[in-house]
Amino acid sequence: MDGIINFSGSDGGYGDYTNLSADVQLGQSYDIFLEPAFTATVYNELWFIYIDWNQNFVFDAGELVFQSGTASSTLVTGTINVPTDALLGSTRMRIVMGWDGNNPAPTACGTYQFGETEDYTLNIFDGPCLTYSNGGGPYNVFDAADPGVACDVGTVECAPFQAWANESYSFTPVAQNTYEWNFCNDCNGNPLFDSSLWGGEPIITIGNDIDSDGFMETLIATNVGCSITFTAPSDDPIILHVSVSGNCGASELQIDNGFPTVTVLGGGNCGTCGDGTCGGGEDYCSCFGDCNCSAESTPLFVYIDGDGIFQGTPNLFEIDPVTDQGPLFCNDFITGGVNDGNQILLGIGIFGPSCVGSTTNPWNVVTSQGTLTIDGSTAVTTVENATVYYLSITQAEIDASGGATFIYFENPTDPDCLVEMIVAWADLGNSSTLANDFCPATTNCPNSIIVNDPVAPANISGFHEADQYIEWSGGVTGDSTTTFHANDYVELQAEFDVPANTQFTIDIQPCGTAPLPKPINEDGILRQEMKKD
């Protein structure tokens with residue numbers, strides 16, 4: 001089986017191979033391969049496997065996990081199923097091979113005429129430990145200032161502290177490099193780890209920390225013991241978590257037990273700036289000639305997590321499960337005003353190396369529709385790295401976009417660096433009603449303006465002063481009431497007929513928009529007139 005391969009030969013009836021072990025997980029199945037060997041006469045053999053699941057040093061009848069159906073002188077295969085309630089840790093496995101002519105037949109304990117009994121060790125664990133607190137780490141193992149540590153084959157880095165159980169550690173790898181991580185020794189390579197100090201064999205779980213929050217999102221490998229070898233699938237930070245078998249998620253066990261050490265075993269070496277390849281240790285900051293800026297600074301939609309912290313997401317569908325908040329915001333959330341049913345805000349940002357949109361070199365930004373703002377209202381034309389901005393856009397602009405709005409980010413010092421972000425509005429629902437559906441207009445609007453006109457027929461045009469202003473054109477017939485939504489001053493732009501003895505109402509509905517300054521004529525006097533003809 002995986003982890004135990006042994007060509008034992010003759011041991012005079014019994015072989016103690018408990019120094020050979022395999023790691024097995026609760027609830028999993030493992031293939032076994034058994035084959036007899038003979039120095040002279042060939043015999044048909046029977047096989048029996050016992051595992052001391054309850055670790056009481058007695059092979060009970062219920063602990064017979066495999067027996068061959070018929071005797072054979074050739075290869076026999078089978079499967080061992082690990083119970084979900086087996087005790088964790090070191091467990092003895094006994095394999096018995098006996099001639100089918102033995103009388104009595106071989107058992108776990110006893111004597112028989114021809115055959116052999118051999119003992120091995122299984123390390124039983126409860127799977128990778130993915131539930132843990134980062135209160136015990138992650139602690140950095142490699143020196144971030146030394147990129148060679150992460151990519152030069154043969155490099156060894158030893159942490160200046162010892163490992164504790166239920167802690168996590170981190171380092172930044174180079175994609176496709178192979179690493180060994182262990183805490184078996186001191187920094188001079190002398191054996192130091194002792195499983196008895198923690199009360200059992202540790203489980204090492206390794207994964208990628210995609211969003212740099214101190215937790216692994218993608219599992220890479222797991223192993224029982226004080227060391228593990230793995231290949232990094234990407235350049236994303238590595239998280240290594242150590243837990244004691246059966247104690248996943250518990251608090252730190254503050255007992256020193258070996259120094260965390262990382263050794264680069266193989267893979268690609270660090271790149272050389274100017275070779276046309278963005279290799280290990282290089283990024284857009286250190287070698288923009290080799291590393292494409294768009295690969296390292298892709299704009300992200302931004303949402304709010306359960307702690308109220310802004311997070312990046314590569315798509316419009318990912319929302320926080322606690323707040324149910326995605327990358328769209330209403331203006332009242334950002335500005336503290338009230339909702340405008342004609343306008344929504346889209347959270348965006350660039351998160352890349354430190355040189356991407358740095359304070360001293362902000363990136364230029366233009367958008368095909370809407371206005372990019374820093375606070376929901378203040379327009380900006382440049383952006384900085386790791387900062388949340390908002391695309392302020394009206395329903396009318398969404399309708400005029402043709403279904404997509406384009407945002408372009410440019411590094412002014414690198415003409416080849418132009419990053420494009422495409423916002424496909426249909427991904428968020430019915431684009432023709434998106435703003436009003438997502439941020440319905442408030443009902444807290446100013447009082448109506450009442451206009452009485454007993455003269456008939458009459459035409460009205462011009463400006464009308466109000467506390468809030470709208471832009472409007474249209475007509476009124478009969479005794480109808482018409483409601484308008486916009487965000488400028490009242491300008492009755494087209495003449496319209498008002499029937500005799502008719503009162504009509506204009507409802508001002510700005511719903512949270514800030515009014516523009518009242519129109520002023522050349523003499524500096526507030527313009528206010530109502531015309532009839």
Side-chain angles (χ1 to χ4, degrees), residues 301-304 310 313 315-321 323-348 367-379 388-407 421-449 466-476 480-494 504-516:
F301 299 108
V302 178
Y303 69 102
I304 299 178
F310 287 100
T313 171
N315 59 68
L316 287 170
F317 302 106
E318 184 175 342
I319 62 175
D320 182 75
T323 63
D324 196 34
Q325 179 68 63
L328 285 180
F329 302 90
C330 299
N331 59 314
D332 64 330
F333 183 85
I334 305 300
T335 66
V338 292
N339 290 345
D340 179 358
N342 286 312
Q343 181 188 48
I344 54 175
L345 302 172
L346 177 67
I348 60 173
T367 177
S368 59
Q369 285 87 29
T371 302
L372 203 67
T373 76
I374 186 62
D375 54 11
S377 57
T378 305
V388 177
Y389 296 89
Y390 304 96
L391 173 66
S392 174
I393 191 165
T394 65
Q395 184 64 60
E397 289 170 324
I398 294 175
D399 295 340
S401 70
T405 292
F406 299 85
I407 306 173
M421 183 180 195
I422 302 175
V423 182
W425 296 109
D427 290 343
L428 290 149
N430 184 354
S431 59
S432 64
T433 60
L434 183 60
N436 188 261
D437 290 343
F438 191 81
C439 301
T442 181
T443 57
N444 181 25
C445 296
N447 294 330
S448 301
I449 296 176
D467 293 333
Q468 301 281 328
Y469 296 87
I470 63 172
E471 183 177 290
W472 170 78
S473 64
V476 176
S480 63
T481 296
T482 304
T483 301
F484 308 95
H485 302 270
N487 60 3
D488 271 342
Y489 52 86
V490 174
E491 181 180 358
L492 309 185
Q493 295 183 359
F504 65 91
T505 301
I506 301 176
D507 286 339
I508 309 299
Q509 302 276 354
C511 297
T513 60
L516 295 178

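Please read these numbers as outputs of a predicted model, since none were measured by experiment. Heads up: numbering here begins at 1 and tracks the sequence. Below, all heavy atoms of this structure are taken into account, side chains as well, without hydrogens, waters or symmetry copies.
A pairwise comparison of heavy atoms in D375 and T378 identifies OD1-N, 2.7 Å as the closest pair. The two residues T367 and I407 have their closest heavy-atom pair at OG1-CG1, 3.8 Å. Scanning both residues, Q369 and E397, for their nearest heavy atoms gives CG-O, 3.6 Å. When all heavy atoms of F329 and F438 are compared, the closest pair comes out as N-CE2, 3.8 Å.
Between the side chain of N331 and the main chain of D340, a donor-acceptor pair closer than 3.5 Å is present.
Annotation: the span from N436 atom CG to N342 atom CG amounts to 7.5 Å, rounded to 0.5 Å. With rounding to the nearest 0.5 Å, the separation of OG1 in T371 from CG in L391 is 7.5 Å. Note that the CG atom of N430 and the CG atom of D437 stand 6.5 Å from one another [nearest 0.5 Å].
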Check the pair F301 / V423 against side-chain contact (heavy atoms from CB on, under 4.5 Å), numbers first and verdict last. CA-CA 9 Å; F301 299 108; V423 182; 4.0 Å; yes
What do the steps show when you test I344 against I393 for side-chain contact (heavy atoms from CB on, under 4.5 Å), and what is the final call? CA-CA 6 Å; I344 54 175; I393 191 165; 3.9 Å; yes
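Applying the side chain to side chain donor-acceptor pair (under 3.5 Å) criterion to S368, with sequence neighbours excluded, gives no partner residue. When the side-chain contact (heavy atoms from CB on, under 4.5 Å) test is applied to Q395, the partners found at least two apart in sequence or on another chain are I398, D399, L434, A435. Remark: D332 pairs with C330, N339 by the side-chain contact (heavy atoms from CB on, under 4.5 Å) rule, at least two apart or across chains.
The side-chain contact (heavy atoms from CB on, under 4.5 Å) test with Y389 is passed by exactly one of T373, L372, L346: L372.
Inter-residue side-chain proximity for Q343 and S392 is flagged as met; some heavy-atom pair is nearer than 4.5 Å.
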